[in-house]
Amino acid sequence: KHQLAGEEIIIRMTGCPNGCARPYAAEIGFVGTAAGKYNLHLGGDRQGTRLNKIYKESLDEEMIVGELDKLFQSFKKEKNEQEAFGDFAMRKQWV
């Protein structure tokens with residue numbers, strides 16, 4: 001939809017609040033909070049040296065898709081050349 005197929009965006013998801021899938025080190029991370037609910041984290045870097053931060057809490061699937069749609073639209077329109085998604089999220093001060 002946003003023609004981002006060529007972008008390498010690190011996304012990790014887990015149902016475990018202990019971070020078993022390392023969602024806190026991803027550019028976009030999802031951490032389960034209840035059945036079908038996830039916290040959405042943004043802002044990690046590609047090297048895994050900057051942890052992401054909570055952007056929105058307790059989102060269901062429909063809400064997640066809506067949030068990602070808005071975020072990806074902004075990223076496509078406003079990113080600097082060669083700017084990674086996590087760096088863009090930090091520059092935009094989303095978190």
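Positions are given from 1 along the sequence.
For residues 24-36, every residue pair satisfying the salt bridge (charged side-chain N to carboxylate O under 4.0 Å, His left out) rule, not counting sequence neighbours, is listed here: E27-R46. Sorted by first and then second residue, the salt bridge (charged side-chain N to carboxylate O under 4.0 Å, His left out) pairs involving residues 47-56 (not counting sequence neighbours) are R50-D87, K56-E67.
Connectivity analysis of hydrophobic side chains (ILVMFWY, heavy atoms under 4.5 Å, direct or indirect) links Y55 to L4, I9, I11, M13, I28, F30, Y38, L40, L42, L59, M63, I64, L68, L71, F72, F75, F85, F88, M90, W94, V95.
When the salt bridge (Lys or Arg N to Asp or Glu O under 4.0 Å) test is applied to E57, no partner is found at least two apart in sequence or on another chain. Scanning for side-chain hydrogen bond (donor to acceptor under 3.5 Å, both in side chains) contacts around S58 gives an empty result, with sequence neighbours left out. Residues forming a side-chain hydrogen bond (donor to acceptor under 3.5 Å, both in side chains) with K37 (at least two apart in sequence, or on another chain): none. Residues satisfying the side-chain contact (heavy atoms from CB on, under 4.5 Å) criterion with Q47, sequence neighbours excluded, are D45, T49. Every residue meeting the side-chain hydrogen bond (donor to acceptor under 3.5 Å, both in side chains) condition with E83, not counting sequence neighbours, appears here in chain and number order: R91. Residues meeting the salt bridge (Lys or Arg N to Asp or Glu O under 4.0 Å) test with D60, sequence neighbours left out: none.
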Please tabulate, one pair per line, all N/O donor-acceptor pairs under 3.5 Å involving side-chain atoms of residues 18-25, not counting sequence neighbours.
unit_1, atom_1, unit_2, atom_2, d
Y24, OH, P17, O, 3.1

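Side-chain atoms of K1 and Q73, non-hydrogen and from C-beta on, never get closer than 4.5 Å to each other.
Going from atom NZ of K79 over to atom NZ of K77 covers 15.0 Å, rounded to the nearest 0.5 Å.
We find that K76 and E7 are not joined by a salt bridge, their nearest charged nitrogen and carboxylate oxygen being 4.0 Å or further apart.
Between the side chain of N39 and the backbone N or O of V31 there is no donor-acceptor pair closer than 3.5 Å.
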